Amino acid sequence: MRAQLARVDAVLVQALIAAALSFAHIHDIASAAGQNGWKAWAYPVSVDLLLVAAWRRLRSGEAKGAGWCWFVITLAASLGANIATAGLLDLDQVPAWLRILVAGWPAVAFLGGTLLAHSTPAAPANDIEAIEDQEDAPEPTPEPPAQPAIEAPPERPAVPVPAALVDHARKVAAEHHTRTGTPIDTPTLRARLGVPAPMAEAIAAQL
């Protein structure tokens with residue numbers, strides 16, 4: 001645990017030293033380019049903040065193209081200031097193109113920070129396809145209301161008919177057919193036998 005803390009502390013110390021040196025170099029370049037007073041101190045702050053915003057976008061895994069673009073721009077500005085102050089540039093005679101770059105940096109930093117902080121990441125392709133499938137899916141057809149089931153009429157109980165009555169009914173039916181030439185109907189059979197309608201129907205079914 002202590003060894004890990006020691007490594008972390010060493011990294012933090014190194015990062016603080018590098019940040020302080022880079023901060024001072026950018027301040028010196030801005031001051032040499034005519035940005036005096038608090039403006040010279042604001043330049044390194046804007047560079048570092050834009051660098052942090054680009055790094056956070058890269059770590060988030062969303063819109064890495066924009067993150068890498070602004071990360072390279074801020075890294076080039078920081079490295080350029082470090083190299084320029086290493087004796088390669090006469091800070092008393094700053095060229096016009098460098099003054100133009102320093103004067104235009106606030107607008108560039110504002111644009112990059114706004115795009116990194118407020119741009120909406122694109123939705124994954126799978127989510128877009130799912131939304132399109134939901135929009136293209138046909139609307140479900142409403143089911144018709146269920147009709148109440150129609151109950152079948154109860155069957156009439158079988159009427160017991162004596163065998164002797166059935167034999168008598170056959171004789172009556174044969175006599176009627178001989179006399180009229182047509183089969184006897186149920187009402188006529190009922191009238192001839194003098195039985196109730198259900199029994200007459202049961203007898204007619206057995207003829």
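None of these values were measured; they are calculated from a predicted model. Here, residue 1 is the first one in the sequence, and each next residue gets the next number.
- Ile29 is connected to Trp97 through a chain of hydrophobic side-chain contacts under 4.5 Å among Ile, Leu, Val, Met, Phe, Trp and Tyr, so both are in one cluster.
- Leu51 approaches Leu75 most closely through the heavy-atom pair CD1-N, 4.3 Å.
- Here the shortest heavy-atom pairing between Ala103 and Pro106 reads O-CD, 3.3 Å.
- Listed here is the closest heavy atom pair of Arg57 and Leu115: NH2-O, 4.1 Å.
- Here the closest non-hydrogen pair linking Ser46 and Ala109 is CB-CB, 4.3 Å.
- Within a 6.0 Å radius of CZ in Arg56, other residues, nucleotides and ligands contribute 12 heavy atoms or fewer.
- Counting only N and O atoms by type, the side chains of Ser31 and Asp28 include no donor and acceptor under 3.5 Å apart.
- Residues Leu49 and Val72 are members of separate hydrophobic clusters, defined by side-chain heavy-atom contacts under 4.5 angstrom among Ile, Leu, Val, Met, Phe, Trp and Tyr.
- You'll find the side chain of Tyr43 reaches within 4.5 Å of the side chain of Gln35, heavy atoms only.
- Residues Leu79 and Leu58 share a hydrophobic cluster, clusters being chains of Ile/Leu/Val/Met/Phe/Trp/Tyr side chains in contact below 4.5 Å.
- Residue Leu50 comes nearest to Gly113 through the heavy atom pair CD1-N, 3.4 Å, listed as atom of the first residue, atom of the second, then distance.
- Panel note: side chain Thr74, backbone Trp70; a donor-acceptor pair is recorded below 3.5 Å.
- Taking every heavy atom of both residues into account, Ala81 and Ile26 meet most closely at CB-CG1, 3.7 Å.
- The hydrophobic cluster containing Trp55 also contains Trp68, counting ILVMFWY residues as joined when their side-chain heavy atoms lie under 4.5 angstrom apart, directly or transitively.
- The shortest side-chain heavy-atom distance between Val108 and Trp105 falls under the 4.5 Å cut-off.
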